[in-house]
Amino acid sequence: MQALWFGNSRRLVHRVTLPLVLAAVSVVVFPLALDAQERSPEQIEFDQILPDTTGLIVSIPHPDQVLDHLLSHPIRDDLEKLDAYQSALNSPQALQGKLLLGLFESQVGMTWPEAIKSITRHGLYIAGDPDHEAFAVLMRADSETNLRKVAGTLLNWVAKQAEDEGREVPFEIRDYRDFKVADFGVFIMARWKSWLLISNRKLHAKQIADNLLDGAETDTNLASANWYQQARSLEKTGDVWVGVNLKSLRERNIAQELFRGTTDDAAAELILGGILDVLEDSDLAAGQLNIGDRIDLSISVPLAADKIRSVREYYFGPELTGRAPQPIQPDGWIASLTSYRDLAGWWLSKEELFEERVIAQLAQTDSQLSTIFGGLDFGEEVLGSVQPGVQILAVQQDFEATPEPDVKLPSFGLVARLYDPASVRSRFKIAFQSLIGFINIELGQQGQPQLELDSDRVGDAFITTARYLIDQPDDYRLMIANFSPTIAFQDDYLIISSTRQLADQILAEVRQREPATVEANTLALINGAALKHALKQNAEALIAQNMLEQGNDRKTAQQQIDIFLRLLDFAKSAAVELKVHPNRLNLSGSLEFNLDE
Amino acid sequence: MSSKRVTGTARIEMNRSNRWTRRSGPRKPAWQELSPEEAWQPFQPDGQNPWDERRAMHLMRRAAFGCSRHDLRPIVDQGLDATVDWLLDESSAVEFDRQMEQTARILATGNDGKGLAAWWLLKMVQTPAPAIEKLTLFWHGHFATSHAKVQRNKAMLDQYRLLHQHAAGNFADLVHGISRDIAMLVYLDSTDNRKTHPNENYARELLELFCLGIGNYTENDIKQLARCFTGWEVRRGRFRFNRFQHDGGTKTLFGQTGNFDGDQAIDIVLQQPAAARFIARKLIRFYVWDERELTDEWVEPIATTLRENQFEIRPALRQIFTSRIFHAADTRGAKIKSPVELGVGVLRQLRAAINMNELANRMQELGQLPFHPPSVKGWDGGRTWINAATILSRANLVEHIVRSGQTKFADGDLAAWYQESKYNDVADLASHWLAVELAPEIIRELTRTIPAGQTVTPNQVASAMTQLAVLPEFQLN
Amino acid sequence: MTTRRTFIKNSIASSALISLSGAVPHFLLRASAASLPSSQDSILVVVQLTGGNDGLNTVIPYANDEYYANRFTLAVGRQRVVKLDSNVGLHPSLEGLARLAENNALAVIQGVGYPNPNRSHFESMDLWHTAHHRHDSRAPGWLGRTFGQLGTRSDVPAIHLGTETQPLALANADQPAVSIRSLDNFRLNAARNQETRRRLQRLVRQQRSDANQLLGFIQESESIALATSERLESISRQQQSTAKYPYTTLGQKLKNIATLIASGLATRIYYVSLDGFDTHSNQSEAHAGLLREFGDALAAFHDDLTVQGLNQRVAVMAFSEFGRRVRENASRGTDHGTAAPMFIVSDNVRETVVGDHPSLTDLDQGDLKHQIDYRSVYAELLENWMHLPAGPIVGDEFAPHPILKSQS
């Protein structure tokens with residue numbers, strides 16, 4: 001086999017005038033006579049030639065379209081207008097790169113996007129094989145001539161660069177059957193007609209090459225692999241499609257964290273617990289990415305209801321029916337997370353969910369919280385009185401009524417519904433008062449302004465707010481302006497917020513709507529404009545953070561924050577959803593842009 | 001919460017022991033050849049003792065945080081006196097300080113003491129007036145106050161501003177200011193001071209640690225001084241003079257009798273002959289020698305300068321920095337670099353920037369986190385900087401700076417920095433970086449990192465720097 | 001066994017290198033002469049239970065009705081107590097310690113404290129760390145004074161494993177103990193391979209002029225640091241203990257200590273802490289968790305040492321700055337108290353239960369009166385375990401309290 005692979009070798013030496021580092025897309029091709037052919041390259045599908053041991057596949061059937069989308073994306077024009085982009089373009093490194101690109105373009109007779117599109121016109125595929133610790137990159141060009149031209153140019157440059165530096169040319173040219181092969185030692189590149197193959201394992205590459213030339217036995221190729229077929233039915237297609245054989249990863253102890261079924265972190269459990277539970281017994285995952293004016297990502301894993309641990313009912317709800325509440329979006333909302341979670345179920349299942357150390361910490365927290373709740377058992381009686389389905393949100397605030405602080409925080413709020421508001425309302429209110437009491441003692445000891453509690457009724461709503469007195473010395477502007485912690489009750493709604501302003505906003509929203517759910521278990525949303533506004537209000541804090549974390553001087557930090565804020569102009573909204581279908585768990589995300597400015 | 005622990009531990013006396021004393025070499029050290037009067041006379045460069053790169057770098061290392069080879073050239077060119085004038089002049093940093101104040105306002109809203117330390121470290125790395133920043137660090141160690149107990153960024157920053165404003169100014173202003181400084185009074189549990197119950201804590205530290213030193217006052221002086229400070233309070237985060245709690249009676253302090261208030265009492269304390277000697281000794285310890293015995297006779301010339309200038313700091317420092325003894329060969333390397341001198345120095349000399357929070361973490365590991373001195377006595381310095389753990393961490397800090405991909409170099413990369421610095425070879429690099437000369441065998445060994453006659457690569461320079469940092473000589477200043 | 005041989009091989013290799021390099025600084029000769037620890041040297045491991053451990057719910061006077069009257073919600077039922085004798089027994093979460101007791105490897109010293117008890121965490125902890133004995137300002141810590149007298153010079157005299165500040169007990173200005181956050185942390189990163197390490201060590205050890213005393217001092221400190229870090233690194237490479245330890249912070253720290261001891265390090269004092277014992281409210285579950293971590297880790301440590309044949313060399317002492325009040329508070333927790341039990345794990349204990357349980361009726365303002373002064377326990381360990389005169393360390397007035405079998 002080795003002998004076959006390392007056939008007659010020749011060294012390739014072409015003269016070019018400039019040195020070059022191996023570019024991102026490295027390809028090989030040389031002007032040699034074509035061998036006689038039997039199979040036509042057009043007839044072959046990539047999944048028929050990859051072996052069935054493939055455990056990871058990324059498929060981009062139309063890279064030219066993706067590249068067109070990216071290059072013609074309206075955002076690109078905006079980006080190019082940025083000073084930072086322009087100055088980056090004029091940096092010495094960028095200028096050198098530009099020069100090389102120009103040279104490359106003149107030698108192959110195509111612009112660089114044309115060259116990339118041409119050599120990947122009929123698909124770009126990346127495959128990983130955990131069994132053989134091998135990877136393979138496959139692509140099919142629109143014409144053999146173009147593939148040759150591009151690859152030949154790059155290879156020549158590599159060879160020339162080595163010569164200039166007095167090194168040996170880092171590859172050798174061989175033939176393998178009808179393939180032309182450049183052997184770099186740690187990896188090989190091989191071309192047959194308009195197909196190009198790159199791989200780190202020679203045997204692996206040989207198998208794929210043979211399959212290309214001869215056709216694979218039908219039951220040993222990827223197309224026939226059971227996991228792959230399932231993955232294909234989970235997520236059909238996309239600009240980029242990804243399939244992973246989780247079982248083979250698990251068996252080889254790759255990415256073990258994903259398959260432990262637990263995080264041993266109480267907060268992370270609330271977010272990830274259910275996902276990890278499903279991953280623990282899932283054999284595969286599939287995903288697709290679509291790039292248009294917006295970017296959409298969707299990842300699915302098969303879900304078997306009977307394999308989900310009963311303790312995760314708090315996460316998915318009975319019979320997996322848990323659905324997140326419809327998010328409340330008051331004016332100026334920045335971010336929102338709504339989710340179906342039975343908090344009492346989560347808290348009371350800690351023994352089953354976590355390791356001892358975490359359990360002990362939670363037990364301590366439990367005891368402190370129970371104290372604040374006047375001896376009520378925190379899990380059973382406090383969390384137990386809250387219905388599953390909570391929302392956490394952050395909302396801009398205006399600082400009209402207060403002195404302007406140096407750091408302007410958004411308001412944070414939590415919205416939930418109670419099973420029996422009449423019986424627990426007072427307990428929550430008292431707990432809130434106790435907490436403010438504790439805080440006041442602490443503030444008093446530090447000689448800081450204290451909070452004044454005030455209860456009032458607005459319509460049907462019971463509201464208790466703790467406020468700082470406004471006429472305090474300047475030193476305390478931050479606290480005074482940013483905090484007026486509030487607890488409020490309206491019908492069965494429980495609202496806890498860092499400011500009264502937000503509590504009033506939420507109350508106004510809940511009064512005019514019926515409780516409803518969305519079709520997702522968990523839904524996270526970000527509002528780009530409001531986020532940018534909140535960050536811009538705090539540009540000074542961002543600059544400070546940048547200076548300390550990067551060691552930058554003020555001018556550099558200012559520039560970087562400027563660019564960051566300008567980039568945020570383009571972000572319109574982002575959403576992440578976790579959906580539970582009868583046989584499938586789906587996590588999807590989308591990013592939308594502001595396209596007209 | 002842990003403040004008590006900090007003060008408790010810190011009471012360990014770390015005397016400078018003679019356990020390691022060795023027989024001194026054959027050559028007579030300069031400080032034995034010169035009389036104290038001669039020693040503090042101005043240094044006159046001559047053919048044998050020229051004002052050259054070595055001496056300029058020594059001055060920069062001690063008075064500031066060293067400097068890059070690039071910045072050293074103009075210093076050599078302008079001569080000693082002009083350099084000292086420039087070092088002690090804060091006006092070049094006015095705009096820079098104003099910008100850093102904007103950042104400080106943000107930090108003042110929080111309570112993250114480490115962030116505050118990171119901010120000061122950044123200031124030390126970037127300031128155009130490094131000697132003023134170093135002098136502020138000296139006063140911070142002198143009037144030591146720790147965020148670990150004070151727990152309020154704003155109060156710590158206010159104290160910093162006081163120390164920074166008067167760093168090269170008048171010592172009396174500093175003492176008057178610090179006596180009503182919130183952070184200091186909170187730190188020393190002196191926020192309450194009643195007529196019927198004078199709080200002796202602050203009075204004691206003022207005499208023992210800030211102005212005179214043990215042996216130069218009596219217990220009765222403490223009691224009398226404490227009475228002068230009655231009514232000085234902190235209420236709701238502000239200083240307040242409570243006239244109802246002030247003891248308006250007659251006090252007898254250091255032989256003077258009268259109805260003194262706190263400020264008058266401070267002036268009386270500063271009139272004591274020991275006061276100028278105390279500050280002079282501490283300055284000499286900080287800037288000149290870690291371990292040389294400092295008899296009154298040796299300290300007196302500087303103390304006299306302080307007295308003659310009504311406790312202005314600048315003239316005394318100028319005298320130190322331009323003195324014969326400061327520029328004597330065996331004064332070089334007579335100090336161990338403090339962690340801050342090490343970290344800030346490496347960054348300034350490499351013209352590099354790293355994450356300042358990370359640098360603050362390293363400073364804590366090395367035992368000198370700014371705004372967090374271990375006790376009211378400040379940092380003991382000298383040999384106490386070095387132990388088995390810190391000596392490794394010191395070398396690792398340099399390794400981190402030159403090897404971490406996160407470090408940014410003003411010159412682009414280390415190879416460019418090396419070329420920009422115009423180092424001829426590793427021996428040249430070492431002589432710029434080290435306070436003392438290396439043995440030829442060691443230089444030969446180091447030379448292997450950057451072979452002559454090739455294009456220097458960043459990796460080679462990084463190797464040279466990490467190896468240099470492992471040498472015991474690297475710790476000397 | 002292999003560990004010992006590897007170690008000797010290592011030291012021969014390094015001494016050969018030194019002699020090749022020609023100049024041998026005198027301090028290195030001194031160090032290498034003392035570098036082979038005697039396999040007889042006893043080792044003390046101190047475990048600090050931070051926050052004030054509730055002694056009454058640790059060593060439980062299950063036969064005493066007063067206990068049940070005062071601990072109306074927190075009491076452990078008679079049946080659940082793991083009995084040590086007809087009066088007292090261990091909390092059921094202390095299975096690990098119970099197993100040690102069965103093997104006669106545990107001493108429970110009852111009612112340990114000191115006169116005029118201080119109920120502040122910091123101040124009481126300071127007393128336990130200094131042994132009230134502050135006249136030696138260069139070594140205010142009682143363990144600092146201890147290793148000061150042991151005179152171990154080839155390796156660091158004491159190692160504190162943990163991320164918290166170094167305990168005052170180890171303070172010694174002349175011979176600093178080393179605090180190690182993790183074994184990986186205590187290393188010279190520039191020494192990327194053996195060759196570079198040797199080069200760097202040569203650079204450090206190279207003979208230098210005597211003129212600068214600071215330089216000599218730094219050189220000496222650095223040589224010791226390099227030697228220690230090399231040792232720690234070769235340990236973490238080769239000899240990870242295969243014994244099973246619970247996956248808890250304390251378990252892993254003790255595992256590391258077992259590894260260090262087995263490697264032949266000459267260090268004779270180790271120090272670790274377990275925090276969280278300040279259980280003012282709903283203490284039941286939290287306290288049980290801490291006790292389990294404590295007991296299981298100690299048992300695993302003892303098992304491991306026994307398998308490695310090191311159990312005769314190592315004693316463990318555990319203490320807390322104070323116990324808690326007899327009567328539980330209104331939040332199902334307990335507040336700061338006074339006397340509490342100490343624990344010693346050693347194969348040389350005389351008997352399991354030492355002293356009588358303090359009376360639950362004859363109280364000092366609601367707190368237990370101490371029976372045994374903690375300095376007598378220190379004195380016992382100093383005289384009968386470390387073989388040092390205890391007087392200079394804890395004061396002459398504290399006679400050793402008999403806990404260990406006297407050794408020849």
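Numbers restart at 1 for each chain; the letters A, B, ... are given by sequence-line order, proteins then strands.
- Using a 4.5 Å cut-off between heavy atoms, Asn538(A) makes no contact with chain B at all.
- Heavy atoms only, all atoms of each residue included: Met356(B) and Gly551(A) are closest at CG-CA, 4.3 Å.
- Residues Gln550(A) and Ile354(B) are not in side-chain contact: their nearest non-hydrogen atoms beyond the backbone lie 4.5 Å or more apart.
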Tell me, with the steps shown, if Lys555(A) and Gln99(B) meet side chain to side chain contact (heavy atoms under 4.5 Å, CB included).
CA-CA 9 Å; Lys555(A) 195 171 147 222; Gln99(B) 290 182 359; over 6 Å; no
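- Residue-environment remark: CD (Glu452(A)) stays at or below the threshold of 12 foreign heavy atoms within 6.0 Å.
- Heavy atoms closer than 4.5 Å to chain A are found in both the backbone and the side chain of Gln102(B).
- Only the side chain of Leu107(B) comes within contact range of chain A, judged by heavy atoms closer than 4.5 Å.
- Across all their heavy atoms, Val407(A) and Thr109(B) have their closest contact at CG2-OG1, 3.6 Å.
- The nearest pair of heavy atoms linking Lys408(B) to Asn552(A) is NZ-OD1, 2.9 Å.
- From Leu548(A), atom CG reaches atom NZ of Lys114(B) across 13.5 Å, with rounding to the nearest 0.5 Å.
- When all heavy atoms of Thr103(B) and Arg554(A) are compared, the pair lying nearest together is OG1-NH1, 3.7 Å.
- Within 6.0 Å of the CZ atom in Arg161(B), the count of heavy atoms belonging to other residues, nucleotides or ligands exceeds 12.
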